[in-house]
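Below you'll find the structure, written out as structure tokens, and then a few comments.
For clarity, every value in this text was computed on a predicted model and none was experimentally measured.
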Amino acid sequence: ENDGGIALNEEMWYRIGFYLSEDYSQVQNGQMMENAISFFDFKHLLNCKEITHQLANIAYRGGRFELYLADTINYDQCKSNKQSGNEQCRGTMRVFDLGPSYKGEWVHVIMNVKFSDSEGFFRMWFNGQQVVNFEGGFPLGEADAVRFKFGPYRIKMDKDTERNLSVPDMKIHYSGVGRADNCERLWGEDGCG
């Protein structure tokens, strides 16, 4: 989204497909690695520039897929205590366990979102099954919009290298990335029934 993302309090629909190889493992020498792989996320914007870490992201961590949604509780205090721009406010994230079963298969994701201080929502479907139905506020602070970003990146790789674990290479495939103001325009009538 190079158009400035979506305005706050605006409802939007997104789709994305991704594939993580079945042979990818986060266990090495009998130890669970600490790094996580983020597939995509939503970021705060101010004047079309990212101003802080994500409002929402999907990650593979500890052998499970998880959705992280920023929580309003203590969020501003956590931000002010950060030592670096990359440190995350983990205590202020809502975590939704999406399960381990999606490795080695295409995951087709549909999201219906509205980022608002008090009346927001985040609804998500994996392969046609609803896995998240959250309603509530998001910590928007000074943001004037939210941007969807996709592409993999890793979190906490340094924790594994400090333990002398080598972080393995991996392949993630993406397809069908899109956005629309209603589901039918995004996915067609058959995908939204």
Side-chain angles (χ1 to χ4, degrees), residues 1-21 36-60 64-72 75 93-153 171-193:
E1 290 182 330
N2 293 322
D3 61 354
I6 61 169
L8 305 182
N9 301 304
E10 180 180 344
E11 180 177 353
M12 192 61 67
W13 289 82
Y14 293 87
R15 74 173 185 199
I16 187 169
F18 67 86
Y19 179 92
L20 176 61
S21 173
I37 301 150
S38 178
F39 295 92
F40 56 84
D41 56 25
F42 290 85
K43 302 268 190 169
H44 295 84
L45 294 181
L46 179 61
N47 299 323
C48 295
K49 293 182 182 175
E50 291 179 15
I51 57 173
T52 187
H53 62 274
Q54 71 269 1
L55 277 169
N57 85 319
I58 289 282
Y60 184 73
R64 304 191 70 77
F65 289 88
E66 298 174 327
L67 169 68
Y68 295 83
L69 294 181
D71 194 348
T72 55
Y75 186 82
M93 300 297 281
R94 301 173 186 99
V95 181
F96 296 83
D97 184 348
L98 304 176
S101 62
Y102 299 102
K103 246 177 33 168
E105 66 179 275
W106 275 98
V107 180
H108 300 283
V109 181
I110 294 179
M111 294 171 283
N112 177 218
V113 303
K114 178 176 146 183
F115 293 105
S116 168
D117 283 321
S118 60
E119 297 180 8
F121 56 78
F122 195 102
R123 301 172 183 131
M124 176 182 282
W125 292 261
F126 270 23
N127 297 338
Q129 298 282 63
Q130 189 167 23
V131 293
V132 174
N133 185 10
F134 168 78
E135 293 189 19
F138 291 91
L140 299 172
E142 61 185 350
D144 59 12
V146 175
R147 176 179 290 152
F148 174 69
K149 292 180 70 174
F150 79 95
Y153 63 89
K171 289 183 182 178
I172 298 175
H173 301 271
Y174 290 92
S175 73
V177 179
R179 172 184 86 167
D181 57 6
N182 65 61
C183 187
E184 290 74 20
R185 285 188 59 205
L186 181 68
W187 202 255
E189 290 182 24
D190 293 337
C192 299

Mark yes or no for whether Arg15, through its side chain, and Gly176, through its backbone, hold a donor-acceptor pair below 3.5 Å.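 Side chain of Arg15 to backbone of Gly176: a pair is present.
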Looking at every non-hydrogen atom in both residues, tell me the closest pair between [X] and [Y] and how far apart they are.
X	Y	result
His44	Leu140	CD2-O, 3.7 Å
Ile6	Glu10	CD1-O, 4.0 Å
Ala59	Tyr68	CB-CE1, 3.9 Å
Leu98	Glu66	CD1-C, 4.1 Å
Met124	Val109	CG-CG1, 4.0 Å

Would you call [X] and [Y] a side-chain contact if the rule is heavy atoms closer than 4.5 Å?
X	Y	result
Phe121	Glu11	yes
Phe40	Tyr14	no
Pro139	Leu55	yes

Phe39/Tyr60 aromatic ring centres below 6.0 Å: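 No.
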For the pair Val113 and Val146, evaluate side-chain contact (heavy atoms from CB on, under 4.5 Å) and give the outcome as yes or no after the intermediate values. CA-CA 10 Å; Val113 303; Val146 175; over 6 Å; no
Mind listing the side-chain donor-acceptor pairs of residues 125-133 below 3.5 Å, one per line with the distance, residues two or more places apart or on another chain?
unit_1	atom_1	unit_2	atom_2	d
Asn127	OD1	His108	N	2.7
Asn127	ND2	Glu105	OE1	3.3
Asn127	ND2	Trp106	O	3.3
Gln130	NE2	Val132	O	3.2

Please walk me through it: do Leu45 and Glu50 pass side-chain contact (heavy atoms from CB on, under 4.5 Å)? CA-CA 5 Å; Leu45 294 181; Glu50 291 179 15; 3.9 Å; yes
Just how far is it from atom [atom1] of [X] to atom [atom2] of [Y], taken to the nearest 0.5 Å?
X	Y	atom1	atom2	value
Ile110	Ile16	CD1	CD1	12.5 Å
Phe134	Phe96	CZ	CZ	6.0 Å
Lys103	Phe65	NZ	CZ	8.0 Å
Phe150	Ile172	CZ	CD1	11.5 Å
Leu20	His173	CG	NE2	9.5 Å
Asn57	Ile37	CG	CD1	12.0 Å

Please list, chain by chain and in numerical order, all residues satisfying side-chain contact (heavy atoms from CB on, under 4.5 Å) with Asn9, sequence neighbours excluded.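 With neighbours one apart ignored, the set is Ser116.
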For Ala180, all residues meeting side-chain contact (heavy atoms from CB on, under 4.5 Å), sequence neighbours excluded: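 Per chain and number, Ala180 pairs via side-chain contact (heavy atoms from CB on, under 4.5 Å) with Arg185, Leu186.
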Parallel, tilted or perpendicular for Phe42 and Phe148, by the 30°/60° rule?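 Judged by the thresholds at 30° and 60°, the geometry between Phe42 and Phe148 is tilted.
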Decide yes or no on side-chain contact (heavy atoms from CB on, under 4.5 Å) for Arg123 and Glu135, but give the supporting numbers first. CA-CA 8 Å; Arg123 301 172 183 131; Glu135 293 189 19; 3.6 Å; yes
Evaluate the criterion side-chain contact (heavy atoms from CB on, under 4.5 Å) for residue pair Phe138 and Phe122; output intermediate values, then yes/no. CA-CA 10 Å; Phe138 291 91; Phe122 195 102; 4.2 Å; yes
